[in-house]
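Inspection log for the structure reproduced underneath, given as structure tokens.
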Amino acid sequence: MIQAVIFDLDGVIVDTAHYHFIAWKRLADELGIPFTDKENEQLKGVSRMRSLEIILELGHAQLPAKTKEELADKKNQWFVEYVHAMKPDEIFPGVKELIAGIRARGMKVALASSSKNADAVLTLLDIKNLFDAIVDGTMIKHTKPDPEIFLLAARLLHVSPADCLVFEDAEAGVEAALAAGMKCVGVGSVYQLPRAHYHVASTANFTVSQIEKI
Ligand code: BG6
Ligand code: MG
């Protein structure tokens, strides 16, 4: 039976996935590399540097490590600017209520995001208190699809991985959840996330009673 629910942040709790996309698109345009929301799917859930490397691979471009650091920093500055203009009501509708319902039924709740900006985003939205544990990109060696982030979240919650349910919008995140031995709700279509156990168009469409039946 599910004892804990672990949420990804970008694209699951708040639409920051869109801000990551427009910042990467801006950089790709500057580099002259064609980049659309289709290619962007590969960037979801992976680290900042890995995202840049995927864009460079798409453009068959190779750059020195120092230049890559500078470009990744530039993208991050744009992302931080976009996020600071965000309003607390940009959290997806129904998410707070879903989390409150999960906690009211005695299940634990964690956040597991590859983003090093996760703490800042949660603070801006004033939702840090919704989680029993928070794991972000500053706390892990390997980002999704490696299971490390979800295994650490389960350990912090003192719950066995097999009793955890993950909400993910990224293919890399679904793979990480499966590799951790967890059940996974894909936030997106079955075409985008074929390996997830369940699918919803939006996080809050999955109800607490559905979770209790898993
Ligand atoms: C993930 C996003 O949550 O965090 C990725 O899905 C992003 O798109 C990654 O690249 C790293 O984020 P940040 O904020 O550390 O650059
Ligand atoms: Mg995500």
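Read the numbers this way: they start at 1 and go in the same order the structure lists the ligands and their atoms.
The Mg ion (ligand 2) is closest to atom O of Asp10 (considering only N, O or S atoms). Sorting the N, O or S atoms of Asp169 by how far they are from the Mg ion (ligand 2) puts OD1 first.
Only side-chain heavy atoms of Ser113 come within less than 4.0 Å of ligand 1; its backbone N, CA, C and O stay farther off. Residue Lys116 touches ligand 1 through backbone and side chain together, judged by heavy-atom distances below 4.0 Å. Only the backbone of Val46 comes within 4.0 Å of ligand 1, counting heavy atoms alone; no side-chain atom from C-beta on gets that close. If you look at Asp10 next to ligand 1, the close heavy atoms, those under 4.0 Å, all belong to the side chain.
Between the side chains of Ser209 and Thr207, at least one donor-acceptor pair of N or O atoms lies under 3.5 Å.
Considering only heavy atoms from C-beta on, Met86 comes within 4.5 Å of Leu125 through its side chain.
Summary of contacts: the protein heavy atom closest to atom 6 (O) of ligand 1 is Gly45 N, 2.8 Å. Summary of contacts: the protein heavy atom closest to atom 13 (P) of ligand 1 is Ser115 OG, 3.5 Å.
One distance of note links CD1 of Ile54 with CG of Asn40; it measures 9.5 Å at 0.5 Å rounding.
Atom CD of Glu171 has 12 or fewer neighbouring heavy atoms from other residues, nucleotides or ligands inside a 6.0 Å radius. Heavy atoms of other residues, nucleotides or ligands lying less than 6.0 angstrom from NE2 of His18 number 12 at most.
For ligand 1, the atoms sitting less than 4.0 Å from at least one non-hydrogen atom of Ser51 are 10 (O), numbered in the order shown with element in parentheses. Below 4.0 Å from some heavy atom of Asn117 lie the following atoms of ligand 1, by number and element: 13 (P), 14 (O). Numbered from 1 in the order shown, with element, the atoms of ligand 1 that lie under 4.0 Å from a heavy atom of Lys44 read 6 (O). Below 4.0 Å from some heavy atom of Leu43 lie the following atoms of ligand 1, by number and element: 5 (C), 8 (O).
Side chain of Glu41 to main chain of Lys38: no donor-acceptor pair is present (N/O by atom type, distance under 3.5 Å, no hydrogens or angles). Judged by distance alone, the side chain of Thr143 and the main-chain N or O of Val46 form no donor-acceptor pair under 3.5 Å. Panel note: side chain Glu175, backbone Ala172; no donor-acceptor pair is recorded below 3.5 Å.
Residue Asp8 has no nitrogen or oxygen atom sitting less than 3.5 Å from a nitrogen or oxygen atom of ligand 1, judged on distance alone. Where the criterion is an N or O separation shorter than 3.5 Å, residue side chain and backbone included, Trp24 fails it with respect to ligand 1.
Metal site remark for the Mg ion (ligand 2): Asp8 contributes an N, O or S atom at a distance under 2.8 Å.
Between Phe167 and Phe206, the angle of the ring planes goes over 60°, which puts this pair in the perpendicular group of the 30/60° scheme.
If you run side-chain contact (heavy atoms from CB on, under 4.5 Å) between Lys74 and each of Glu30, Glu69, Arg26, only Glu30 comes through.
Between the choices Lys144, Arg48, Lys75, Glu168, the shortest heavy-atom distance to atom 16 (O) of ligand 1 belongs to Arg48.
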